[in-house]
There are 2 protein chains.
Amino acid sequence: MLTNERHEFILNMLAEKQTIKIQDVVDATAASESTIRRDLTELENQQKLERVFGGAVLPDRNLMEQSVSDKSTQHLQEKIRLAKFAATFVQDGDSVYLDAGTTTFQMIPFLKDKDITVVTNGLTHVDSLNEHGITTYLTGGLMKSRTGALVGAQTVQSLQNYRFDRCFLGVNGIHEEYGYTTPDPEEAAVKRLASSLSRKAYVLADHSKYNKVSFAKIMDLAAAVMVVDRMPDDLLAILEKKTTVKVES
Amino acid sequence: MLTNERHEFILNMLAEKQTIKIQDVVDATAASESTIRRDLTELENQQKLERVFGGAVLPDRNLMEQSVSDKSTQHLQEKIRLAKFAATFVQDGDSVYLDAGTTTFQMIPFLKDKDITVVTNGLTHVDSLNEHGITTYLTGGLMKSRTGALVGAQTVQSLQNYRFDRCFLGVNGIHEEYGYTTPDPEEAAVKRLASSLSRKAYVLADHSKYNKVSFAKIMDLAAAVMVVDRMPDDLLAILEKKTTVKVES
DNA sequence: TTGTTTTTGAATGAATTTAATCGTTTTTGA
DNA sequence: TCAAAAACGATTAAATTCATTCAAAAACAA
């Protein structure tokens with residue numbers, strides 16, 4: 001059995017069973033214990049797994065994967081559907097700003113085959129963007145560990161160097177009077193600037209955001225096209241007086 | 001069996017089994033081992049397959065692999081020792097630039113209890129910095145998927161906003177005459193600028209870098225303090241005429 | 001046929017991977 | 001807490017694979 005095969009085998013075994021014992025791997029591969037040990041240290045160096053006494057476990061997931069599988073991230077399927085819908089607005093040749101956040105994150109797989117350049121302030125986005133072969137620029141700035149977003153004066157300044165065809169933002173609240181809002185004023189500032197640098201701005205919001213108001217105002221409703229999933233007709237009628245609303249489904 | 005036929009045969013076999021062993025091909029074709037080896041070398045040059053020890057695999061499984069391909073634990077341990085040593089130069093209150101790269105990455109755990117602010121262009125660094133509770137700014141810029149570094153004009157501009165007390169750089173070559181060198185000119189430009197913005201610059205290099213010259217020059221030896229592990233006395237004598245050398249051990 | 005070029009196969013020593021050993025560290029369970 | 005058992009890293013020897021070289025065989029051209 002070739003080294004690569006063994007490595008693949010070990011990783012598959014690990015993916016299937018979550019944790020593996022060295023002896024089990026030895027028995028399953030007919031290689032010596034030394035060899036398996038060497039394999040495990042090598043795979044650990046590649047961050048493909050994490051060694052523990054007696055075997056190995058799956059590595060720590062990154063921030064976005066954690067939050068995606070987190071119970072607090074509700075409506076995942078709906079977010080994915082919404083993200084897919086939003087991605088249809090992106091065209092070849094576009095330069096796109098992708099805001100940090102879980103919904104925009106879900107757009108990435110659907111951008112795969114488009115010939116675009118992406119700028120993002122979402123640290124958690126870059127690995128995925130990279131995996132999907134998308135040319136990616138990151139804004140500078142201070143890392144907010146909780147959300148994995150870059151914010152602050154440096155982020156604002158970085159952004160000034162770009163102009164976008166389209167910009168996709170996540171928000172926490174949508175309200176007829178108070179506009180788009182989000183909890184963190186610094187993130188709000190970044191979102192506001194990004195949209196102002198963009199020919200066309202889109203706000204992605206699932207129905208749980210309707211008529212909510214969060215602390216920091218980003219901008220008025222009219223400043224962006226609203227991309228939403230199902231929405232009550234009466235609310236839709238009200239919002240459509242303020243801005244364009246694209247309803248998925 | 002004609003050469004072309006053999007090549008076809010090998011590629012089919014590979015397409016079917018994903019991984020092939022040289023001996024299996026020899027048995028299946030009744031050609032000699034030498035011949036099969038020649039075939040594989042040739043096919044690899046045509047990028048039709050990738051050779052591995054003992055056989056061959058399909059090419060470009062994913063190009064992420066190559067970036068983290070260092071498998072020797074030996075090497076890694078030495079890097080950790082060197083990184084630990086380098087970290088002793090950091091003092092409370094410092095603002096520190098941490099270059100992208102594996103050696104500087106290993107410094108992070110040793111910076112844990114220091115009261116510092118870190119700026120880095122290394123995407124791979126941020127999670128670890130975050131885990132260790134270190135205030136971190138990221139430069140902006142284009143993401144190079146191979147090295148996980150941010151480079152380019154935006155990175156340069158981001159950097160201009162900072163001034164550092166100390167800056168820690170990795171390099172690929174150290175040479176008395178040609179100075180510090182690295183393969184990528186864009187990364188070289190970033191390193192050069194970072195060191196010029198720093199009160200004190202340090203270059204981390206293990207012994208495998210001595211007397212090597214890479215494509216892009218970063219700067220002269222005198223522009224940074226050299227932090228190295230063991231070093232032959234005669235070479236040390238030469239380099240110490242050019243700059244300060246801190247030897248770990 | 002004869003001479004030339006190309007391909008093949010075998011041999012060699014170097015390089016790499018694997019297996020086994022041994023002293024040390026960690027875990028387990030009484 | 002202590003001792004036995006299991007797992008560990010490091011070292012070393014064995015086995016396997018590799019690149020190189022060179023001569024024989026085959027293909028080719030004149």
Side-chain angles (χ1 to χ4, degrees), chain A residues 1-11 13-14 17-59, chain B residues 1-11 13-14 17-59 61 65-66 68-84 106 109 206-208 229-230 249:
Chain A
M1 190 179 239
L2 255 39
T3 308
N4 298 53
E5 288 183 283
R6 245 187 1 256
H7 287 186
E8 287 288 331
F9 182 89
I10 291 172
L11 291 177
M13 194 167 169
L14 183 61
K17 307 174 72 170
Q18 311 286 341
T19 68
I20 50 179
K21 289 192 259 296
I22 284 209
Q23 280 310 322
D24 291 348
V25 181
V26 170
D27 295 343
T29 57
S32 77
E33 194 181 306
S34 305
T35 300
I36 301 301
R37 272 180 206 297
R38 240 177 299 111
D39 290 341
L40 291 185
T41 40
E42 193 173 332
L43 289 170
E44 182 175 45
N45 287 345
Q46 294 174 21
Q47 319 226 340
K48 300 285 182 57
L49 53 77
E50 193 175 319
R51 293 195 65 182
V52 294
F53 197 90
V57 298
L58 287 170
Chain B
M1 190 180 250
L2 253 39
T3 307
N4 290 341
E5 289 181 277
R6 252 192 348 263
H7 287 189
E8 283 292 327
F9 182 88
I10 291 172
L11 291 176
M13 193 166 170
L14 183 61
K17 305 175 69 173
Q18 315 276 13
T19 309
I20 52 178
K21 289 191 257 299
I22 286 212
Q23 279 310 321
D24 291 349
V25 181
V26 170
D27 295 344
T29 57
S32 77
E33 194 181 304
S34 303
T35 301
I36 301 301
R37 272 180 205 295
R38 264 189 290 265
D39 291 341
L40 291 185
T41 318
E42 196 171 333
L43 289 169
E44 182 176 43
N45 288 338
Q46 296 172 22
Q47 318 238 336
K48 300 284 182 56
L49 53 77
E50 188 180 328
R51 294 194 65 182
V52 294
F53 197 89
V57 297
L58 289 170
R61 302 284 290 242
E65 296 287 326
Q66 294 137 12
V68 206
S69 60
D70 190 0
K71 50 188 172 184
S72 70
T73 312
Q74 189 77 26
H75 215 163
L76 185 61
Q77 292 304 321
E78 291 177 7
K79 281 184 176 177
I80 291 175
R81 288 228 319 274
L82 188 62
K84 182 175 183 178
Q106 300 300 339
D206 61 79
H207 57 277
S208 69
D229 56 356
R230 60 199 154 81
S249 67

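Letters A, B, ... are given to chains in the order of the sequence lines, protein chains preceding strands, and every chain is numbered from 1.
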Distance in angstrom units between [X] [atom1] and [N] [atom2], rounded:
X: E33(A); N: dC8(D); atom1: CD; atom2: C1'; result: 9 Å
X: N45(B); N: dA19(D); atom1: CG; atom2: P; result: 11 Å
X: E44(A); N: dC8(D); atom1: CD; atom2: P; result: 11 Å
X: R37(A); N: dA7(D); atom1: CZ; atom2: P; result: 8 Å
X: E5(A); N: dT18(C); atom1: CD; atom2: C1'; result: 16 Å
X: R38(A); N: dT16(C); atom1: CZ; atom2: C1'; result: 10 Å
X: E42(B); N: dA19(D); atom1: CD; atom2: P; result: 14 Å
X: I36(A); N: dA7(D); atom1: CD1; atom2: C1'; result: 15 Å

Would you tell me if any nitrogen or oxygen in the side chain of [X] comes within less than 4.0 Å of OP1 or OP2 on [N]?
X: S34(B); N: dG9(C); answer: no
X: T41(A); N: dC8(D); answer: no
X: R51(B); N: dA19(D); answer: yes
X: T3(B); N: dT8(C); answer: yes

Shortest side-chain distance from [X], nucleotide among [options]:
X: Q23(A); options: dA7(D), dT18(C), dA19(C); value: dA7(D)
X: R6(B); options: dA11(C), dA20(C), dT8(C); value: dT8(C)
X: F53(B); options: dT16(D), dT21(D), dA19(D); value: dT16(D)
X: T35(A); options: dT16(C), dG9(C), dA19(C); value: dA19(C)

Residue pair K48(A) / Q46(A), side-chain donor-acceptor N/O under 3.5 Å: yes
Closest approach of L49(A) to A56(A) (non-hydrogen atoms, all atoms of both residues): CD1-CB, 4.0 Å
Pairing of R37(B) and E33(B) as salt bridge, 4.0 angstrom limit: yes
Contact nearer the 5' end of DNA chain C, comparing D39(A) with M1(B): M1(B)
Validation row: R51(A), I22(A) side chains within 4.5 angstrom (heavy atoms): yes
Sugar-phosphate only, base, or nothing, as touched by V26(B) at under 4.0 Å among non-hydrogen atoms: nothing
Counter-base of dA19(D), judged by Watson-Crick or G-U geometry with both distances under 3.5 Å: dT12(C)
